[in-house]
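Below you'll find the structure, written out as structure tokens, and then a few comments.
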Amino acid sequence: MKSDKIHVDTLVVGGGIAGMQASLDLANQGHQVALVEHSPSIGGMMIGLSKVFPTLDCCSCITTPKMAATAHHENIQLLTYCEVQSVTRNDDGFSVQVIQKPRYVIEDNCTGCRSCELVCPLDLPDVENEFGRTAHRVIYVPFTTAVPQKAIIDIDSCIFCGKCIKACPADCIDFTQTPQTLRVEARTIILATGFKVTPYDAKKEYGAGNLRNVIDAMMMERLLAPTGPYGRVLRPSDGKLPDSIAYVQCAGSRDETLGVPYCSRVCCMYAIKQAMLISGALPMADVTIYYMDIRTFGKGYEQFYQNAKAMGIEFVKGKVGRIVEDEDQNPIVRVELIDDNSRVAENKHDLVVLSVGMLPGYDTQPIYDVATAKDGFVQIPDSNVAPTVTTQEGIFATGTATGPMDIVDSIITAGAVAAEASAYMHLHSGSPAAPAAD
Amino acid sequence: MTTQDRVERKKRNEMLTNLRKQHPERVKISQAKLKEQRSIRKTLQQVLKTKPHTIPQLAEATGLPAHQVLWYISIMKKYGKVVETGLDEDYEYYLYGLTRETE
């Protein structure tokens with residue numbers, strides 16, 4: 001049961017991999033942490049991915065234990081389905097107003113048995129987790145490994161038939177719930193607000209989202225994940241097993257027309273990873289990657305790229321100018337081939353994946369008064385010396401809130417931000433992290 | 001059913017009726033959606049009763065767009081109404097059939 005007023009050392013905003021890791025690192029030092037997440041479950045973007053590069057370890061297998069450890073840690077208070085409304089600085093740190101959105105399910109009683117979901121008659125597109133490729137019911141548990149494993153009602157679509165009430169063995173359904181205000185008193189704040197991807201329908205040259213067999217890489221992650229909408233890679237227009245799949249690199253980065261002039265750092269590697277996974281899932285399929293440059297900067301990344309080439313994945317240096325479709329909804333990619341005297345070619349594929357880039361997930365300026373850089377990510381004034389310190393004293397940032405980075409770097413900066421926040425609390429009065437007196 | 005059960009059921013039904021009255025427009029929209037979904041699910045189940053079908057075959061048999069059929073089949077698969085029964089003879093499409101429970 002949550003109380004209306006919570007006193008903690010640190011409020012972590014965002015329950016993705018960086019937020020969870022920072023919470024765990026602080027909690028393991030004895031600090032009290034409240035973790036606020038706007039979604040009904042923690043896990044962030046990572047829980048939706050198939051595998052990680054360059055090791056090809058299962059994402060869910062890495063993230064789920066972290067989610068469970070975060071939820072069960074005695075020093076961490078989880079505030080899911082909550083939004084921070086306001087932050088006021090005081091003598092001890094910050095007073096934060098948090099709104100708990102109603103689930104219309106009594107959280108303490110719900111066991112996540114899904115009896116309600118199975119009898120609910122209406123399907124709604126699962127936009128949040130599956131990009132609308134499949135559906136959930138009006139009452140649903142967000143996904144199989146959601147933490148907390150609690151149901152939630154999309155009240156705007158409910159017909160109030162009462163079937164869930166009859167089916168629930170724990171008498172959890174409560175249509176009278178309203179938003180609740182919680183107050184969190186914290187000495188420090190960590191922003192782990194993550195990223196969103198550049199919209200795949202932003203470029204009209206690539207079909208503006210109207211071509212059914214042109215998807216983005218996050219959608220492909222779901223198709224590759226065993227828990228995905230079809231349980232395998234099928235093309236969305238007609239369920240065909242694709243024979244020919246193409247990746248279009250820099251489809252949402254290094255593109256002034258989208259206002260994203262920077263490199264998103266992860267697209268080359270995730271495209272190579274996905275191409276390798278497709279080769280495993282569909283051994284007869286041809287996979288082509290249209291690229292401008294391949295950037296494999298991390299440990300083991302270049303070898304990963306060389307392995308992909310050795311597996312038969314075709315890398316074509318060229319810039320894709322346009323994607324259209326034929327009468328069978330096969331995407332036709334018009335590309336300028338840089339290594340072939342800039343010849344223009346038109347290649348037909350069954351499925352095209354746009355390697356979209358990273359955008360800031362949240363604007364920290366209005367509520368936290370934390371300055372953002374030109375690119376919209378949290379501004380880090382002295383990034384070489386203090387890569388997690390923001391423009392506001394006592395507020396720190398980690399993971400992709402500060403700029404595009406991969407999972408490895410997100411976890412590294414999560415450790416760094418925990419150390420930075422802990423040191424700050426130690427300097428500004430005693431804290432559980434303070435070393436014993438000599 | 002005991003008297004207390006009857007009283008509780010009555011109270012619950014009154015509450016649900018009141019909720020429907022409080023939100024008439026959105027309930028109407030959702031009910032229309034439900035009616036459409038039930039009709040499509042029923043049509044798909046009738047076709048699948050005969051033998052397993054691929055998505056394009058189901059689209060042809062029902063007159064629905066293939067992408068919509070795939071959406072419904074993915075949901076029916078998720079909730080245990082449909083299973084994959086194998087691949088078609090060209091190894092291009094999966095065949096879907098009803099689960100024993102649905103048959």
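Here the structure is a predicted model, which is why all the values come from computation and not from measurement. Residue numbers start from 1 in every chain, and the chains themselves are labelled A, B, ... in the order their sequence lines are given, proteins ahead of strands.
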Using a 4.5 angstrom heavy-atom cutoff, name the option from Asp126(A), Leu124(A), Asp243(A), Asp156(A) with the most pairs to chain B. Asp156(A)
Should we count CD of Gln4(B) as having more than 12 external heavy atoms under 6.0 Å? no
Chain B contact via Pro125(A) - side chain, backbone, both or neither, heavy atoms under 4.5 Å: both
If you count the non-hydrogen atoms of other residues, nucleotides and ligands that lie under 6.0 Å from CG in Asp326(A), is the total more than 12? yes
Checking Ile73(B) against chain A: side chain, backbone, both or neither under 4.5 Å from a heavy atom? neither
Taking atom CZ of Arg6(B) as the centre, does the number of heavy atoms from other residues, nucleotides or ligands within less than 6.0 Å exceed 12? yes
Side-chain heavy atoms of Met15(B) within contact of Ile165(A), under 4.5 Å: yes
The side chain to side chain donor-acceptor pair (under 3.5 Å) partner of Tyr79(B) among Glu117(A), Arg137(A), His136(A) is Glu117(A)
Check whether more than 12 heavy atoms from other residues, nucleotides or ligands sit under 6.0 Å from atom CD of Glu346(A), and answer yes or no. yes
Separation between CD (Glu92(B)) and CZ (Arg235(A)), nearest 0.5 Å, reads 9.0 Å
Backbone N or O of His67(B) within a donor-acceptor pair of the Arg212(A) side chain at under 3.5 Å? no
Within-4.5 Å side-chain heavy-atom neighbours: Phe160(A) and Asn18(B): no
Arg26(B) and Cys158(A), any side-chain heavy atoms less than 4.5 Å apart: no
Okay, side chain of Ser30(B), backbone of Ile159(A): is any donor-acceptor separation there less than 3.5 Å? no
What part of Ser237(A) lies closer than 4.5 angstrom to a heavy atom of chain B: side chain, backbone, both or neither? backbone
Short side-chain to backbone donor-acceptor contact, Lys77(B) and Tyr230(A), under 3.5 Å: yes
Let's go through Asp238(A) and Tyr93(B) carefully: what are the C-alpha distance in whole Å and the side-chain angles of both, what is the deciding distance for side-chain contact (heavy atoms from CB on, under 4.5 Å) to 0.1 Å, and is it a yes or a no? CA-CA 9 Å; Asp238(A) 58 0; Tyr93(B) 293 94; 3.0 Å; yes
Distance, nearest 0.5 Å, that separates OG of Ser157(A) from NE2 of His23(B): 12.5 Å
Please flag which part of Arg12(B) lies under 4.5 Å from any non-hydrogen atom of chain A: side chain, backbone, both or neither. side chain
Does any backbone or side-chain atom of Gln37(B) lie under 4.5 Å from a heavy atom of chain A? Answer side chain, backbone, both or neither. side chain
Sort out for me which of Thr176(A), Ile155(A), Val138(A) touches chain B most, counting heavy-atom pairs under 4.5 Å. Ile155(A)
Pick one of side chain, backbone, both or neither for Ile173(A), based on which atoms fall under 4.5 Å of a heavy atom in chain B. neither
Counting only heavy atoms not in Glu60(B) (residues, nucleotides, ligands), do more than 12 fall under 6.0 Å from its CD? no
Part of Tyr72(B) lying under 4.5 Å from any heavy atom of chain A: neither
Tell me, for Leu118(A) versus chain B, whether the close heavy atoms (under 4.5 Å) come from the side chain, the backbone, both or neither. side chain
Between Pro229(A) and chain B, which part of the residue has a heavy atom less than 4.5 Å away: side chain, backbone, both or neither? backbone
Only pairs of heavy atoms separated by less than 4.5 Å count here; which of Ile55(B), Val27(B), Val69(B), Leu16(B) has the most with chain A? Leu16(B)
So, the side chain of Lys78(B) versus the backbone of Ala135(A): is there a donor-acceptor pair under 3.5 Å, distance only? yes
Least distance between heavy atoms, Arg38(B) atom then Pro121(A) atom: NH2-CB, 3.9 Å
Can you tell me which portion of Glu84(B) sits under 4.5 Å from chain A's heavy atoms? Options are side chain, backbone, both or neither. side chain
Heavy-atom distance under 4.5 Å between the side chains of Tyr94(B) and Leu241(A), does that happen here? yes
Full working for salt bridge (charged side-chain N to carboxylate O under 4.0 Å, His left out) between Asp123(A) and Arg41(B): CA-CA 11 Å; Asp123(A) 297 320; Arg41(B) 277 197 294 252; 2.6 Å; yes
